[in-house]
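Just follow the structure's listing: the first ligand is 1, and inside any ligand the first atom is 1.
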Amino acid sequence: MTTMREMTEEKNHLTGFSNEELAEFTLEIGEPKYRAKQIFKGLHERRLQNFDEMTDLPKALREKLNETATASVLRVESHYVSTDGTRRFLMKTHDNFPVETVFIPTENRDTICFSSQSGCPLKCDFCLTAKLGLLRNLTAGEIVEQIIIVLNDVYGVGEETPHGTNLVAMGAGEPFLNFENLIKALGIMADENGLFIVANRVTVSTAGIVPKIYEFAKLEKRPNLAISLSAPTDELRDKLMPINKRWNIEELLRAAKEVQKTLRRGERFTFEYVLLGGVNDSDKHARALAELLSKYDLQKVKINLIPHNSAEPLEYHPPEFEQVERFKKILESKNVSAYVRRPRGRDIYAACGQLAAKDSPNLIQKV
Ligand code: SAH
């Protein structure tokens, strides 16, 4: 796949350059090729966002880099910390579009939830990000830089990325509508001379861009996949997720079966189901969902049930706790594994579907 090298206001954003592009760039500025590897390590392994800190490079080269390139295009505008330890970073691009990234600590491993677009063009009725509309696609460099900023904040610049850190493309945006940049960014982050976060530590979530699901299934080093389903019938899904009018449940599940054929040993892919009180959470819906999966022979998937995270002006609310449990039990009784996703960071608008560049309490830093 060939991609355009990234420029920001006339400067090369090296964070979004692949190894090959960096090699080409160093040759262009009259430097030997081995410098490319040093720069790549400085940017990704040491997570430096400033060439002056790359003291293993000659001063003249650092100056040349400062003139022609940049290692930082995002600025953190505010930073919130939830009572449960979740952190939300509200960043801005050089042209002032919001980018949100969430750090979710758990006992055994940490997860970083990043955005693939500023805003989102899909109009899922229960999601706050949808209210922003699409502002623009993020570049590969902007995707990678989100993760670098979070890792530096949490673990410190230059400190090793803890083994086991997971990434999820579940922030703002529809990752499969920014496919090329997403895949390029994931390639850069998987490099063993860099962050070294390999594909099977990454989960990409899609609302159902069917042609891209087929493309995804063919990738050699494929991340894990999650598909947002949220309704067992076209009638209901059309209302909740209008993308369903473009590709309906049948087309979506046929594509899902294609991914199922390529599963690694022990890998299961996930369907997400946002539970909306009184809308898609009845016993009948649970049974219809189990039947649908069995019709397509997809019982081996796992279902993540996400009780709705409310936020003004969304009119939905989560079901009562007992109904969430009933829904889960019905699925399990039909041999479908179901898990309830514990909401994280609701108090700071960091939970699923709440990313909309909002100010919130618990601000710890405003730049
Ligand atoms: N556009 C992609 C990536 C977003 S992932 C997708 O739709 O899959 C975010 C997940 O949170 C999706 O499963 C989405 O359905 C879910 N979600 C959106 N709004 C929500 C809300 N208010 N409460 C709970 N989950 C929500």
Side-chain angles (χ1 to χ4, degrees), residues 86 88 99-102 104 111-135 137-138 143 146 166-179 182 202-210 212-213 216 223-231 236-237 239-244 246-247 252 255-256 259 269-277 279-281 289 301-319 324 327 338-356 358:
T86 302
R88 176 167 68 100
V99 177
E100 283 173 279
T101 319
V102 179
I104 308 154
T111 299
I112 297 172
C113 174
F114 66 92
S115 295
S116 52
Q117 300 181 307
S118 182
C120 183
L122 303 183
K123 297 187 163 49
C124 301
D125 207 35
F126 45 77
C127 179
L128 200 60
T129 311
K131 308 292 174 213
L132 294 175
L134 176 65
L135 301 169
N137 273 343
L138 298 180
I143 293 175
Q146 289 175 62
N166 287 342
L167 298 183
V168 294
M170 297 189 185
E174 168 49 49
F176 280 4
L177 290 178
N178 189 15
F179 196 76
L182 172 85
V202 180
T203 302
V204 177
S205 178
T206 180
I209 310 298
V210 165
K212 294 295 173 194
I213 298 178
F216 179 87
N224 303 300
L225 183 67
I227 294 179
S228 300
L229 189 58
S230 294
L236 182 55
R237 198 166 187 269
K239 284 195 204 125
L240 299 178
M241 301 180 67
I243 191 71
N244 197 65
R246 179 72 182 80
W247 293 288
L252 179 60
V259 177
F269 76 95
T270 309
F271 281 90
E272 291 153 294
Y273 193 101
V274 182
L275 282 169
L276 307 164
V279 176
N280 66 356
D281 67 333
L289 177 59
V301 300
K302 76 177 189 231
I303 302 266
N304 266 351
L305 299 170
I306 319 177
H308 186 250
N309 296 306
S310 307
E312 286 283 331
L314 302 175
E315 280 169 3
Y316 297 97
H317 61 87
V324 174
F327 200 97
Y339 301 84
V340 178
R341 191 181 289 170
R342 193 157 54 102
R344 300 292 304 261
R346 268 186 183 168
D347 55 337
I348 55 162
Y349 289 107
C352 297
Q354 290 190 316
L355 298 183
K358 271 194 181 248

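- The minimum heavy-atom distance between Leu240 and Ala231, with the atom names listed, is CD1-CB, 4.3 Å.
- Per-residue contacts place Thr206 under 4.0 angstrom from the following atoms of ligand 1 (heavy atoms of the residue considered): 6 (C), 8 (O).
- The closest protein non-hydrogen atom to atom 13 (O) of ligand 1 is Ser228 OG, 2.7 Å.
- Of the protein's non-hydrogen atoms, Gly353 CA, 3.0 Å is the one closest to atom 19 (N) of ligand 1.
- Looking at Glu272 against ligand 1, only its side chain comes within 4.0 Å, counting heavy atoms.
- When all heavy atoms of Pro175 and Val204 are compared, the closest pair comes out as CB-CG1, 3.8 Å.
- Every residue two or more places apart in sequence or in another chain that forms a side chain to side chain donor-acceptor pair (under 3.5 Å) with Thr111 is listed here: Arg109.
- In summary, the atoms of ligand 1 found under 4.0 Å from a heavy atom of Gly173, numbered by their order in the structure, are 1 (N), 2 (C), 3 (C).
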Only pairs under 3.5 Å count here: list side-chain donor-acceptor contacts from residues 121-131, not counting sequence neighbours, and write none if there are none.
from	atom 1	to	atom 2	distance (Å)
Asp125	OD2	Tyr316	OH	2.5
Thr129	OG1	Leu355	O	2.6

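- Residue Phe126 places at least one N or O, backbone or side chain, under 3.5 Å from an N or O of ligand 1.
- Near Ile306, meaning under 4.0 Å from one of its heavy atoms, ligand 1 places the atoms 24 (C), 25 (N).
- Counting only heavy atoms from C-beta outward, the side chains of Ser228 and Val274 never approach each other to under 4.5 Å.
- When only non-hydrogen protein atoms are considered, atom 9 (C) of ligand 1 lies nearest to Met170 O, 3.7 Å.
- Residue-ligand proximity, Val274 to ligand 1, at heavy-atom distances under 4.0 Å covers atoms 15 (O), 16 (C), 17 (N), 24 (C), 25 (N), 26 (C).
- Annotation: atom 11 (O) of ligand 1 to nearest protein heavy atom, Cys352 CB, 3.4 Å.
- Arg88 places no side-chain N or O within donor-acceptor distance of the main-chain N or O of Gly345, the cut-off being under 3.5 Å.
- In summary, the atoms of ligand 1 found under 4.0 Å from a heavy atom of Cys127, numbered by their order in the structure, are 18 (C), 19 (N).
- Nearest protein heavy-atom contact of atom 4 (C) of ligand 1 is Gly171 O, 3.8 Å.
- Considering backbone and side-chain atoms together, Ser230 places no N or O closer than 3.5 Å to any N or O of ligand 1.
- Near Ala207, with a cut-off below 4.0 Å to any heavy atom, the atoms of ligand 1 are 6 (C), 7 (O), 8 (O).
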